Amino acid sequence: QVQLVESGGGWVQSGGSLRLSCAASRSIFSTYTTAWYRQAPGKQREWVARITSITDGGMRIYASPVKGRFAISRDNAKNTVYLQMNSLKPEDTAVYYCNAVPERIGGLGSWGQGTQVTVSS
């Protein structure tokens, strides 16, 4: 089991940037895929980005709406995954959640509590 805590959400104008952080309670990146999801008001939770485990090559994959604008990364020493969000749009407004799944086990994995991102037009 791993606990995840997000931070870094806030309010920005269109075109602005934010960097979200997700701190894990222990070292997990060697065997876990870590990802970001978001849920806008009245909508289902959607996948945003993921980075595979170190064992699996650390491949970064993005959902189409955020390609070229968002970047997922990790600091292995700090047990922290980041989501750098640039050129933010009002449609990016959502609660953003961190997720970690053991690649050889799968399942729903562990989830953070979420952090609110609001982008004004």
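Because the structure is a prediction, the values reported are computed rather than measured.
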Between [X] and [Y], is any pair of side-chain heavy atoms under 4.5 Å apart?
{"X": "E103", "Y": "T52", "result": "yes"}
{"X": "F70", "Y": "N86", "result": "no"}
{"X": "E91", "Y": "T93", "result": "no"}
{"X": "Q1", "Y": "S25", "result": "no"}
{"X": "S30", "Y": "S53", "result": "no"}

ILVMFWY network linking [X] to [Y], side-chain heavy atoms under 4.5 angstrom:
{"X": "Y97", "Y": "L20", "result": "no"}
{"X": "I51", "Y": "V66", "result": "yes"}
{"X": "Y82", "Y": "V48", "result": "no"}
{"X": "L4", "Y": "V101", "result": "no"}
{"X": "V117", "Y": "V95", "result": "no"}

Measuring from [X]:[atom1] to [Y]:[atom2], what's the distance to the nearest 0.5 Å?
{"X": "K89", "Y": "S14", "atom1": "NZ", "atom2": "OG", "result": "10.0 Å"}
{"X": "S27", "Y": "N76", "atom1": "OG", "atom2": "CG", "result": "7.0 Å"}
{"X": "Q84", "Y": "I72", "atom1": "CD", "atom2": "CD1", "result": "12.0 Å"}
{"X": "R69", "Y": "S87", "atom1": "CZ", "atom2": "OG", "result": "7.0 Å"}

Quick check against the 3.5 Å criterion: does [X] have a side-chain atom that pairs as donor or acceptor with the backbone of [Y]?
{"X": "S110", "Y": "V2", "answer": "yes"}
{"X": "T115", "Y": "S7", "answer": "no"}
{"X": "E6", "Y": "Q113", "answer": "yes"}
{"X": "R50", "Y": "A100", "answer": "no"}

Residue pairs, two or more places apart or on separate chains, that pass ring pair (Phe, Tyr, Trp, His ring centres under 6.0 Å) and touch residues 2-34: none
Given N99, N79, V81, T80, the one that forms side chain to side chain contact (heavy atoms under 4.5 Å, CB included) with C22: V81
Non-neighbouring partners of W111 that pass ring-ring contact (aromatic ring centres under 6.0 Å, His included), sequence neighbours left out: Y37
side-chain contact (heavy atoms from CB on, under 4.5 Å) evaluation trace for T34 with I28: CA-CA 9 Å; T34 52; I28 61 170; 4.1 Å; yes
Ring-face cation contact, Y96 with R38, 6.0 Å cut, 45° max: no
